[in-house]
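All chains are named by letter (A, B, ...) in the order of the sequence lines, taking the proteins before the strands, and each is independently numbered beginning at 1. What you are looking at is a predicted structure, and each value in this text was computed from that prediction instead of being measured.
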Number of protein chains: 4
Amino acid sequence: MADGSATLKTATGAGGVAAERLRSFIERVERLEEEKAAIAGDIKEVYAEAKGEGYDTKILRQVIRLRKMDRAERQEQEALLELYLSALGEA
Amino acid sequence: MADGSATLKTATGAGGVAAERLRSFIERVERLEEEKAAIAGDIKEVYAEAKGEGYDTKILRQVIRLRKMDRAERQEQEALLELYLSALGEA
Amino acid sequence: MADGSATLKTATGAGGVAAERLRSFIERVERLEEEKAAIAGDIKEVYAEAKGEGYDTKILRQVIRLRKMDRAERQEQEALLELYLSALGEA
Amino acid sequence: MADGSATLKTATGAGGVAAERLRSFIERVERLEEEKAAIAGDIKEVYAEAKGEGYDTKILRQVIRLRKMDRAERQEQEALLELYLSALGEA
DNA sequence: CGGCGCTACGTCCGTC
DNA sequence: GACGGACGTAGCGCCG
């Protein structure tokens, strides 16, 4: 049982504790994916509601995408700023 | 011009109430998308944790995908059954 | 500038050979897309023919989808088995 | 068996000829979908080849999409022209 | 015209 | 660290 294989053995071991642990991971992921799907459903509902009031969902999606890009850019710039500041701190 | 255009007017009206409503929809969607992204992050963390304990995330993902397919297929079969039944109901 | 940029230059070069090559790619894709569209048309025809003989195309489609899922799932399970085996091989 | 149901009966009849016919439709569609998938694969290959020579596939796709739209517009205009011509013929 | 299924894009993971 | 491949998701088109 040199090394390397020890972890794998634990992970793939057929019986006992590892199987429980494995099951736990799988169920946690599945639970989270359910939640994610639920949120996605909520988003659809919002769009449906907006559409019901005469808004063009296609445009709405575009607007949201643009705002998201703006935010991403802003974050990038802030990250760059931090980088500069830390570089100056080191200088 | 009594109604018909009313909805459109409300939706596309440049000023006042409609703008508020529009803003509301957009912010609701954006909020939900943040939540969704957060969940996605949680999922990533679970995989990372599992990986840290020696589990092969590739296998994990495939297991989860398979279980999901099972579920989907079961639903499809039930839907198919219903279709058959309703088709027979028309006979 | 020996190479490195050579590929890019070839690809984006405005004149001469590259334009010919570009044209070739585009026409090949367009030709293939035409063929694909033709096949799609054939499929539509089959459904139309079946419908003409009293078959419910909605059910037909669902049956076909289900069979496809069966096939996909079988492949996935085989892939999963292989993964397990290769993982064990490493142990 | 007044009416309406006769066709359906033929289509959904459990035994004999109808089952064969049904099988035929399904297999024809499945065969065609395989062909369609094969073509799609060919298209992917062309894009891969182009990418390998330094072309930006995203741009390529845009070009193809635009050309397709142009063709559609042209056809529409030709259809309109025909309409006018036939209208004049009737006049 | 609305809903559903399919295709295509963007994103993420694993590899070199 | 970058590239390529795979998956999930979002937009588009067809069917009902």
Whole angstrom is fine here: how far is it from [atom1] in [X] over to [atom2] in [N]?
X	N	atom1	atom2	value
C:I64	E:dC4	CD1	C1'	16 Å
B:I43	F:dT9	CD1	P	9 Å
C:Q62	F:dG16	CD	P	13 Å
C:Q75	F:dA6	CD	P	13 Å
A:Y47	E:dG3	OH	P	17 Å
D:I39	E:dT7	CD1	P	13 Å
C:L60	E:dG5	CG	C1'	15 Å
B:L83	F:dC15	CG	C1'	14 Å

So how far is it from [X] [atom1] to [Y] [atom2], rounded to the nearest 0.5 Å?
X	Y	atom1	atom2	answer
C:K51	D:F25	NZ	CZ	13.0 Å
C:L60	C:Q62	CG	CD	11.0 Å
B:K36	A:D42	NZ	CG	11.0 Å
A:L66	A:R71	CG	CZ	10.5 Å
D:M69	D:E76	CE	CD	10.5 Å

Q: Using the salt bridge (Lys or Arg N to Asp or Glu O under 4.0 Å) rule, pick out the option among C:R61, C:R65, C:R67 that qualifies with D:E30.
A: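 So the option named by the test is C:R67.
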Q.
Please classify the nucleic acid contact of B:K36 as base, sugar-phosphate, or nothing, using heavy-atom distances under 4.0 Å.
A. sugar-phosphate
Q | Reading 5' to 3' through nucleotides 10-16 of chain E, protein heavy-atom contacts under 4.0 Å coded B for base, S for sugar-phosphate only, - for none | A | S--SS--
Q.
I'd like to know if B:E34 and A:K68 make a salt bridge, using a cut-off of under 4.0 Å between side-chain N and carboxylate O.
A. no
(Q) Do D:V29 and B:L80 sit in one hydrophobic cluster, given that two such residues count as connected whenever their side-chain heavy atoms are within less than 4.5 Å of each other, even indirectly? (A)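 They do share one cluster, since a chain of ILVMFWY contacts under 4.5 Å joins D:V29 to B:L80.
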Q) Would a distance-only check, ignoring hydrogens and angles, find a side-chain to backbone donor-acceptor pair under 3.5 Å from D:S86 to D:E82? A)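 Yes; judged by distance alone, with no hydrogens or angles, the pair exists.
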Q) Just to confirm, is there a sub-4.0 Å distance from OP1 or OP2 of F:dA6 to any side-chain nitrogen or oxygen of B:R65? A) no
Q.
For DNA chain F, which residues of residues 24-33 of chain C approach it to below 4.0 angstrom with any heavy atom?
A.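 Contacts with DNA chain F under 4.0 Å: none.
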